[in-house]
Participant: 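Let me give you the structure first, and then I'll get to my questions.
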Amino acid sequence: MDYYTSRSLILQEDNEMIKKIGIVSRYDKHEALELVEKIISNFRDDVDIYLAPRTAEHLGNSYPCMAIDSMRAAGVELIISIGGDGTVLRTISKMDDPLPLLAINMGTLGFLVDVKPEDAIKTIENVLKGFTYTERFRLAVQLNEENLPCATNELVLITSRAAKILSFSICVDESLIDELRADGVVIATPTGSTAYAMSAGGPIIDPRVDAILIVPLAPFKLSARPWVVPGSSKIKLTMTTPEKEAAIVIDGQHTYHIHEKDVITLSKAKNPARFVKMNIDGFYEKVKNKLA
């Protein structure tokens with residue numbers, strides 16, 4: 001599978017619409033829950049709608065709900081996410097084979113959310129007639145022999161104690177590329193290159209580039225610089241510091257504590273994240289607008 005591809009689910013030729021959709025929303029914002037109710041009111045006669053359990057709970061459990069990881073098997077064809085990038089990443093992380101996702105922006109900056117709330121109903125109306133989606137690879141993550149959730153944006157290795165430096169090695173395809181003393185390191189996909197990796201001094205990578213980004217966090221030596229390696233690479237991080245507390249954080253959503261000699265392995269995941277393609281801004285225009 002290519003790193004960044006477009007695929008279509010176009011149903012207009014058969015005069016059919018999408019039949020089942022899921023909705024997941026942030027629930028700490030009244031406006032987001034109001035929009036969920038508005039979407040249900042507008043489209044419940046056209047499609048079967050299932051809410052993620054926490055979304056349904058905050059709406060009084062008055063609507064059908066379903067666990068996100070069960071939606072594909074139940075025939076759901078599209079998930080609508082109402083929130084920011086965190087809502088998007090949390091939703092994707094719950095699916096082994098992610099469904100196409102349409103993101104409505106109820107967050108702040110947001111590189112993964114394209115639709116404004118005031119455009120939501122019209123956009124959904126058009127999408128239900130058929131849509132094109134892009135695929136972006138995720139990183140499969142193992143801690144020793146244990147499979148952890150995949151990363152759509154990044155994995156961060158970081159100290160658990162402020163002002164404490166870590167020692168670790170980085171191998172790419174069995175070749176040692178560095179032994180570092182640093183606050184940590186970010187391993188990012190191109191999708192995540194505009195997130196933590198960018199803040200740490202890494203380059204912005206066009207999502208069409210098949211690559212993985214390695215960005216040291218506050219390294220002790222001046223020669224430690226970001227690396228861009230092939231997307232097919234297998235990356236291994238090995239803790240080498242005794243008695244230091246460290247953690248890995250996946251997409252800002254999942255945290256795991258690690259110890260000396262623990263090995264974190266990252267490689268391209270079998271199943272990509274999928275995003276409904278919107279004819280709004282191209283990637284470069286989005287970067288310019290978001291970071292102006």
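Since the structure is predicted, the reported quantities are computational estimates derived from the model, not experimental observations.
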Participant: Got Ile124 and Asn126 here, is their nearest side-chain heavy-atom distance under 4.5 Å?
Facilitator: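 Not touching, per the 4.5 Å side-chain cut-off.
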Participant: Can you find a heavy atom in the side chain of Ile235 that is under 4.5 Å from one in the side chain of Val229?
Facilitator: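 Heavy-atom side-chain distance check passes, below 4.5 Å.
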Participant: Quick one: do Lys221 and Asp178 satisfy salt bridge (Lys or Arg N to Asp or Glu O under 4.0 Å)? Show the steps, please.
Facilitator: CA-CA 11 Å; Lys221 59 183 181 181; Asp178 220 334; 2.8 Å; yes
Participant: Hey, are Asp262 and Asn144 close enough side-chain-wise for a donor-acceptor pair under 3.5 Å?
Facilitator: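 Their side chains do contain a donor-acceptor pair, which is all the 3.5 Å distance test asks for.
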Participant: Atom CD1 of Ile79 and atom CD1 of Ile82: how far apart are they, to the nearest 0.5 Å?
Facilitator: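 Atom-to-atom, Ile79:CD1 and Ile82:CD1 are 12.0 Å apart.
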Participant: Between Pro100 and Val276, which heavy-atom pair has the shortest distance, and what is it?
Facilitator: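 That would be CB-CG2, 4.4 Å.
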Participant: Can you confirm whether Leu157 sits close enough to Phe168 that some side-chain heavy atom of one is under 4.5 Å from a side-chain heavy atom of the other?
Facilitator: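 Yes - at least one pair of side-chain heavy atoms lies under 4.5 Å apart.
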Participant: Mark yes or no: Lys268 above the aromatic ring of Phe137, with NZ or CZ under 6.0 Å from the six-membered ring centre and no more than 45 degrees from the axis.
Facilitator: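 Yes - Lys268 lies over the ring of Phe137, closer than 6.0 Å to its centre and within 45° of its axis.
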Participant: Kindly give the heavy-atom pair with the smallest separation between Pro226 and Gly202, and that separation in Å.
Facilitator: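 So the minimum-distance heavy-atom pair works out to CG-CA, 4.3 Å.
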Participant: Rounded at 0.5 Å granularity, tell me how far OG in Ser193 sits from CD1 in Ile212.
Facilitator: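 Here the interatomic distance stands at 12.5 Å.
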Participant: First locate atom CD1 of Ile92, then atom CZ of Arg136, and finally report the distance between them rounded to the nearest 0.5 Å.
Facilitator: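 The CZ atom of Arg136 is 9.5 Å from CD1 of Ile92, to the nearest 0.5 Å.
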Participant: Establish whether Leu102 and Phe275 are linked, either directly or via other cluster members, by ILVMFWY side-chain heavy-atom contacts under 4.5 Å.
Facilitator: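 Not linked; separate clusters.
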Participant: Do Tyr50 and Met17 share a hydrophobic cluster (ILVMFWY, side-chain heavy atoms under 4.5 Å, transitive)?
Facilitator: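 As far as the 4.5 Å side-chain criterion goes, Met17 and Tyr50 are not connected within one cluster.
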Participant: Just how far is it from atom CD of Glu77 to atom NZ of Lys19, taken to the nearest 0.5 Å?
Facilitator: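 Reported to 0.5 Å precision, the distance equals 6.5 Å.
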Participant: In this structure, which one of Arg138, Arg72, Lys270 forms a salt bridge (charged side-chain N to carboxylate O under 4.0 Å, His left out) with Asp97?
Facilitator: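 Only one option passes, and that is Arg72.
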Participant: Applying the side-chain contact (heavy atoms from CB on, under 4.5 Å) criterion to Tyr196, which one of Leu155, Asn153, Ile158 satisfies it?
Facilitator: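 With Tyr196 as partner, Leu155, Asn153, Ile158 yield a single side-chain contact (heavy atoms from CB on, under 4.5 Å), made by Ile158.
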Participant: State, with a plain yes or no, whether a side-chain heavy atom of Leu78 is found less than 4.5 Å away from one of Tyr133.
Facilitator: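 No - every pair of side-chain heavy atoms lies 4.5 Å or more apart.
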Participant: List the steps, then state whether side chain to side chain contact (heavy atoms under 4.5 Å, CB included) holds for Ile205 with Val228.
Facilitator: CA-CA 9 Å; Ile205 301 179; Val228 178; 4.2 Å; yes
Participant: Using the rule given for side chain to side chain contact (heavy atoms under 4.5 Å, CB included), can you reason through Thr238 versus Cys171, listing the C-alpha separation, both sets of side-chain angles and the distance that settles it, and then say yes or no?
Facilitator: CA-CA 8 Å; Thr238 305; Cys171 291; over 6 Å; no
Participant: Give the cluster check for Leu128 versus Val36: same hydrophobic cluster or not, with ILVMFWY residues linked at side-chain heavy-atom distances below 4.5 Å.
Facilitator: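 In one cluster: yes.
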Participant: So that I can tick it off, tell me whether Glu135 and Arg274 are bridged by a salt bridge, with the cut-off set at under 4.0 angstrom between side-chain N and carboxylate O.
Facilitator: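 Result for this pair is yes, salt bridge flagged.
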Participant: Under the salt bridge (charged side-chain N to carboxylate O under 4.0 Å, His left out) rule, collect the residues that match up with Glu125, sequence neighbours excluded.
Facilitator: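 Scan of Glu125 (salt bridge (charged side-chain N to carboxylate O under 4.0 Å, His left out), adjacent residues dropped) gives Lys122.
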Participant: Could Lys164 and Asp183 be called an ion pair, given the rule that one side-chain N must be under 4.0 Å from one carboxylate O?
Facilitator: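 Not counted as a salt bridge, because no side-chain N and carboxylate O are separated by less than 4.0 Å.
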Participant: Taking side chain as C-beta onward, heavy atoms only, is Thr265 less than 4.5 Å from Lys234?
Facilitator: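 Sidechains of Lys234 and Thr265: in contact.
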Participant: Side-chain contact test, heavy atoms from C-beta onward, threshold under 4.5 Å: evaluate it for Thr189 versus Leu213 and give yes or no.
Facilitator: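 Answer no - side chains too far apart.
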Participant: Tell me, with the steps shown, if Val115 and Asn105 meet side chain to side chain contact (heavy atoms under 4.5 Å, CB included).
Facilitator: CA-CA 6 Å; Val115 182; Asn105 190 6; over 6 Å; no
Participant: I need the Ser169 OG to Leu176 CG distance, nearest 0.5 Å.
Facilitator: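 Result: 6.0 Å between the selected atoms.
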Participant: If you measure from OG1 on Thr55 to CD1 on Ile80, what distance do you get to the nearest 0.5 Å?
Facilitator: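 These two atoms lie 11.5 Å from each other.
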Participant: Of all residues at least two apart in sequence or in a different chain, which pass the side-chain hydrogen bond (donor to acceptor under 3.5 Å, both in side chains) check with Asp45?
Facilitator: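 Asp45: no side-chain hydrogen bond (donor to acceptor under 3.5 Å, both in side chains) contacts found.
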Participant: In the structure I gave you, are the side-chain heavy atoms of Ile18 and Phe131 within less than 4.5 Å of one another anywhere?
Facilitator: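 Sidechains of Phe131 and Ile18: in contact.
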Participant: Ignoring hydrogens and geometry, is there a side-chain-to-backbone donor-acceptor pair from Asn271 to Asp96 under 3.5 Å?
Facilitator: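 Looks like yes, one N/O pair under 3.5 Å.
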Participant: Among the clusters formed by ILVMFWY side chains lying less than 4.5 Å apart, do Ile21 and Met71 turn up in the same one?
Facilitator: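 Looking at the clustering, Met71 is in a separate group from Ile21.
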Participant: Check Pro117 against Ile104 and note the closest heavy-atom contact, atom names and distance.
Facilitator: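 Heavy-atom minimum between the residues: CA-CG2, 4.1 Å.
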Participant: Does Val209 belong to the same Ile/Leu/Val/Met/Phe/Trp/Tyr cluster as Leu112, with side-chain heavy atoms less than 4.5 Å apart forming each link?
Facilitator: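 No.
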Participant: Could you walk me through whether Glu31 and Met106 pass the side chain to side chain contact (heavy atoms under 4.5 Å, CB included) test, one step at a time?
Facilitator: CA-CA 8 Å; Glu31 297 90 336; Met106 279 285 186; 4.1 Å; yes
Participant: Below 4.5 Å, heavy atoms only, C-beta onward: do Arg90 and Ile68 meet side chain to side chain?
Facilitator: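 In short, these two side chains do not touch, never coming nearer than 4.5 Å.
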